[in-house]
Student: 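Mind having a look at this structure? Questions to follow.
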Amino acid sequence: MALLTVENLGIGYQTAKGLLKAVDGVNFTLEPGHSLGLVGESGCGKTTIGMALMGLLPPNGRITEGRIVLDGLEISAMSEDELRKVRWNKVSMIFQAAMNALNPVKRISAQMVEAIQVHRPEVSDEAALTRVEGLFNLVGLPLERLYDFPHQYSGGMKQRAIIAMALALNPKLVIADEPTTALDVIVQDQILKETKELQRQFNIGIIFISHDISIVADVCHQIGVMYAGQLVESGPAEEVFFNSKHPYTQALVSSFPTLAGPKTKLAPIPGEPPNLTGTIPGCRFCDRCPKDTASCKLDHPQWQEVGPGHHVLCDHC
Amino acid sequence: MQQATIQDLKAKRRALWRQRFMENWRVFLRNPLGRIGISLLIMFGLMAACSYIPPMIDPMYHPMTGVDPKVVSSVGPSWQHWLGTDFMGRDIFSQLLAGARVAFMVGVSAAFMSVVLGTAVGMTAGYMGRFTDTALMRLADMIMVLPTLLVVLMLAALFGKLSIWMIVLMIALFRWPGVSRIIRAQTLSLKQRPFIDAARVSGASHLRIIFRHIMPNVLPLAFLYMTFRVTSAIVIEAGLAFLGFGDPGTVSWGMMLQWVWKTGHMFQAPYWLLPPGICISLITLSFYMLGRAMDEVLDPRLRDETQAG
Amino acid sequence: MRKYVLKRLVQVMVILFCILTILFVLFRLAPGDPVTRMVDPEMTPEESQHLIEQLGLDKPIWTQYLIYLKNCSTGEFGYSIHYGEPVARVIWDKLPNTILLFTTAVLLSAMVGISWGKIAAWRKGKATDLGLTIAALVTHTLFLPWLALLLVWIFAYQLNWFPITGMISDDVWLDPEAGFFTKAGDVLYHMVLPLTTLFLIHFGSYLLVMRSSMLDTLKEDYIVLARAKGLTERDIRNKHAAPNAWLPVVTSVGLSLAFSINGGALTETVFSWPGIGRELVFAVSHNDYPLAQASFLLISTVVLMSNVVVDVLYAFLDPRIRY
C-alpha cells in the first residue's frame, strides 16, 4: 500500500481579490521509503502542498477538493485535534535553516525534548535527553553544543539540528522544504548526502521541495514538476531530468548549471506565471512557451504517457 | 523638444504622486481609527474656530476676563451659560472653546518644533556617523530618561512662570530624542542604498544628499511621529497648567482643571470638572488614533493581509 | 553580566553628573541671588552664615561648583526653607513611599498589559480583541489628573469606599495595639485609588505593544515549526510566542519610565501621597529651591536606576544578548 496518496488535490486561499487557487488537480503517490521531489518556481504551490500534508494551511487557506491519505489516515478530513496527534508523529518537516525556524530564546535541547514529550508524555526528561543525544550523534552534531541557543549555531549546524528534530519520533514521512537553500555549497552537499543516507537507514518517505531541479534529481526517486498550481510533468528522476518533455521542465533544467549533466547554455525563462485568482481556460504555461499554438490557449491540456511512469501535461509533447 | 519631455516627466511624476496620495488616503479612511480620529479632530478644530465668537456676543463671555455681573459663584448650566460658570462667574463653555485653540496651538507647534529638531539631529547623526553620531545619541539618551513635565516644572521654578511660548519651546527641546532615534535608524539604512552612493559619486555635496535624497525618504516617518508628539505636548502643557504653572495669561483645559481643583469645586461642580477633562482626553485620543492609522498607511506590514502562499 | 551592570552604573553616574552640572548652571543663571534662593530668610545670622559657608556660596564660582558636587555626593542638599530641616531628611522619608507606589503601579500594569495583550493578539479581529484594544486606547489617553479627580469624586466622595487623600489613617498608626498587618492593610487601603489611576493610564500602552509584538511573533517560522511539532495552541502561545514577544515590551517599559514618573508625580499630588514627586511640586510652588533641587535629583536617580533594572532584565530574557 502506498504511504501517501494525493488525489485531485485543490487548495485555495481566500484573498481580497477572490479565491486564489494555489493548487489545482494534483495527483501523486509515494511508496514507503521512497522520495519525491517537487520542483517549481516560488509561488507554484509546492510549499502549499507541503503545508497541506501537515494540515498546516494558513487560516485563509483551505482544501477545496480532493483528498490526502497518509498511511491509511485521511489527513484532509481530520479535525485540528486529530491532526495535532499526527503531526511530527507520522509526518514531520525539515524547515529551511536560513529561516528563523528555531525559537531564538529556547535552548536547542529543550526544543527537541519538547517535540518528543508532546507526543510521548510518559517519556521522562532523562530518557528524552538520551534520545536527543542519540539524534545529535546521528546527524553529526557535537554533544557539548546540546544546551546552546540557536544563535550560537552556524547555518549548517542549525540545519542538522532541524533534521535531527524531524527524526525525533521516527516519522514515516518527512517533508523537506528547501532544506539546503542559503547554505554554502559544501555544507549543502554534505547535508544532502547525509539526508539520503538517513532516509535509506530508517526507510523514511520524503517529499523534497525545492526550486533547484538538479538537487532534486540527485536526491529523489521521483520528480514532480509544478507550474502555476498544477503538476506538469512527473516520473522517475532520471527520466524527468535527462529526458524532460514539458517545455517548462526543459527550461528549468537548462536554467541551472550542472557538473554531471550535458554542457548546455544557461537560459533564463522569460515571462511570469499567470494570475491564479481567475479561471484559466487553456494551458497555464502557454504565455511563456516556445511551442505555444493557438489551441493551447483554449483547451485544457491532457496527460500523456511519454515513457515508463513518465507523464506530461502537454498536448504537444 | 527636450523642454517638452521634462514637462512631460514632471506631469507624470505629479500624477504618480497624486495617485499614491489618493491610495494612501483610501487606506487611511478604510481604517476605523483613522475615521474616528479625523472626525474628532474636525470637531475640535471647529471648537477652536468658534472660540472667537462668544466674546463678540457679549464681553462677559470672554474666557479670561469676562465675568457675568449677576453671578458671584460657580453655578450650573443655564441658557446664559450652557456649561455653567466658574467660581468668579466666567463662562465655562467659552473657556472650553478657548482651550481647544490653546491645545491645538501648543500641540501642533511643540510637535512641529520637536520633530524638526529630532529629524535634523537624527539625519545628522545617521549621516555623519562616528563621533558626531555618538555624541548626539548620548545626548538624546540622557534627555530621553528625563521626565519632561518635571524638568519644565523645575525650569518654571527657577525662571518664574513661563509664557505659553516658552512652555512650547521647552516641550520641543525635551521631546526630540525619540524622533531623532527613529530618523537616525532610517537614515542609516538609507545610507546603505545604492542611490546615495550614486549621488555621492556624481559629486553631490553632503548637504544636497541630506536634503534632496535622505530627507524626502524620512519625512513621512517624521510626520507620523509628529502626531504622537502632539499628544505628549498637549498632555505636558495640561499637566503643567494643572499643577499651577501654566501661562497665567491663557485659558487652557489644564488650567480649568486646576481652577476647579484648587477652588475646591471638584465635588460640587461636575459641570465644571467633566468638560475640560473629557476634552483633553479626547483630543489626545484622536491624535493618537490618527497616528496609528497613519502608521498603517506608511507601514504596509501592519495592514491586514489576506494574501498568503 | 556583572561587567555590563557595572558599565550601565557608570553611565548612570555620568548622566547624573551632567544633570548636576546643568542644574548648577541653571541655578546660577536664573534671575535673583543664589544666597536668597538657598538660604531660609528666617534663620539667625549665625545659622545662615554657617549654611552659606557649608554651601560655599561666598566662594568663587568654580569652588562653589566643586563644593556643590561634594555636597551632592554626600547627600548634603542644604536646608529646606519650608520645613526648616535638612533636605536630605525631608526627602529620604518620602523615597520609599514613591518607590512603593511607582514600582507596584509599573509592575501591575506591565503584568496585566502583557497578559491581556497576549489574549488580544491571539483573538485578533474577534470581539475580545476589539474590546481590549479600545479599552487600552481610551484609558491610555485619559488625562491623568482628571482621571484621579474623577476616581476620588466617585469612589471616595460619592460612594465613600476609599479615603480621599493620604497614605495612612492617623488613628490606626497612633494606636499602639495595631500590628504590622493592620498598618500594611491601612496603607494598601489608601493606595487603591492612586494605584488604580496609574494602572488605568499605563496598562493600555503595554497591552498595545504586547499585542503588536505578539502579532509579529506569530508570523515567525518557529511558530510554524511549533505547530508542526503538534503543540497545542495554548503551548504555542505561552511557551513559544510570548517569551519572544516580551522583549519589545520590556524595551517599551524602559522607554516609558520617564513618562510614568511624570504621572507618578501628578498622582501623588492629587492624592496627597507623601512621595518625592509631590514634594517636588510642593517645593516648586513654595519656592523651596534646596528641596526642589534635591527632589529632582532623587527622581532622576530613581528613573535612571529603574532603566538599569529594565536593561538587565532584557539581557536576562534574551539569550542573544551577552555582554
Side-chain angles (χ1 to χ4, degrees), chain A residues 47 50-51 53-60 80-108 110-121 147-152 158 161-162 165-166 168-169 171 174-175 177-178, chain C residues 1 4 114 118-129 210-211 213-251 310-323:
Chain A
T47 298
M51 286 308 197
L53 291 176
M54 306 259 340
L56 278 179
L57 289 174
N60 62 329
E80 185 60 28
D81 274 342
E82 292 168 325
L83 276 172
R84 197 175 296 139
K85 297 201 181 79
V86 173
R87 284 179 200 147
W88 225 252
N89 219 347
K90 292 212 185 269
V91 47
S92 68
M93 198 161 186
I94 298 174
F95 286 78
Q96 193 182 321
M99 304 202 302
N100 213 352
L102 292 167
N103 192 330
V105 304
K106 300 187 81 168
R107 294 178 195 279
I108 304 277
Q111 299 191 38
M112 294 179 65
V113 166
E114 182 185 42
I116 297 169
Q117 287 183 335
V118 165
H119 296 279
R120 315 249 197 288
Y147 297 100
D148 279 8
F149 285 100
H151 70 277
Q152 291 163 295
K158 275 189 215 165
I162 289 170
M165 202 185 301
L169 296 166
V174 172
I175 296 156
D177 189 353
E178 306 267 7
Chain C
M1 187 61 114
Y4 172 68
I114 285 175
K118 201 164 73 179
I119 296 172
W122 202 251
R123 306 215 167 281
K124 183 173 183 252
K126 306 227 171 73
T128 325
D129 176 29
M210 181 66 182
R211 179 181 176 274
S213 156
M214 189 80 176
L215 287 176
D216 280 348
T217 311
L218 288 174
K219 287 180 200 146
E220 294 283 354
D221 297 310
Y222 52 79
I223 298 299
V224 183
L225 176 66
R227 204 165 272 141
K229 282 204 281 194
L231 265 63
T232 57
E233 294 293 296
R234 194 191 158 81
D235 279 352
I236 295 171
R237 173 175 53 173
N238 292 338
K239 294 189 183 157
H240 284 265
N244 284 285
W246 286 336
L247 301 173
V249 186
V250 172
T251 310
V310 168
D311 285 352
V312 170
L313 183 70
Y314 189 97
F316 185 73
L317 285 175
D318 189 347
R320 280 165 293 187
I321 295 185
R322 283 286 170 266
Y323 304 94

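Note that these values count all heavy atoms, side chains included, but never hydrogens, waters or copies made by symmetry. Throughout, a chain's letter reflects where its sequence line sits, starting with A, and its residues are numbered from 1.
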Student: Measure the spacing between CD of E220(C) and CG of N100(A) and express it to the nearest 0.5 Å.
Tutor: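 That separation rounds to 5.0 Å.
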
Student: Please classify the contact between Q152(A) and chain C as side chain, backbone, both or neither, with a heavy-atom cut-off of under 4.5 Å.
Tutor: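 Neither part; nothing is under 4.5 Å.
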
Student: In terms of heavy-atom proximity below 4.5 Å to chain C, should V105(A) be classed as side chain, backbone, both, or neither?
Tutor: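 Contact with chain C: backbone and side chain both.
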
Student: Quick check for you: to the nearest 0.5 Å, what is the distance between K229(C) atom NZ and M112(A) atom CE?
Tutor: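 If we round to the nearest 0.5 Å, K229(C):NZ and M112(A):CE are 9.0 Å apart.
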
Student: Specify which of A166(A), P150(A), P104(A) makes the most heavy-atom pairs with chain C at under 4.5 Å.
Tutor: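 Looking at each option in turn, the highest pair count goes to P104(A).
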
Student: So, do K239(C) and N103(A) sit near enough that their side-chain heavy atoms are less than 4.5 Å apart?
Tutor: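 K239(C) vs N103(A): side chains apart.
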
Student: Using only atom types and a distance under 3.5 Å, with no angle test, would you say the side chain of K106(A) pairs donor to acceptor with the backbone of P243(C)?
Tutor: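 No; judged by distance alone, with no hydrogens or angles, the pair does not exist.
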
Student: With a 4.5 Å cut-off on heavy-atom pairs, point out which of M93(A), E80(A), K85(A), R84(A) contacts chain C the most.
Tutor: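 Winner by heavy-atom pair count: R84(A).
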
Student: Side chain from CB out, backbone as N, CA, C, O: work out which of these in I223(C) comes under 4.5 Å of a heavy atom of chain A, or both, or neither.
Tutor: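 For I223(C), there is no contact with chain A at all, as no heavy atom is under 4.5 Å.
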
Student: Side chains of L225(C) and W88(A): closer than 4.5 Å at any heavy-atom pair?
Tutor: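 Heavy-atom side-chain distance check passes, below 4.5 Å.
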
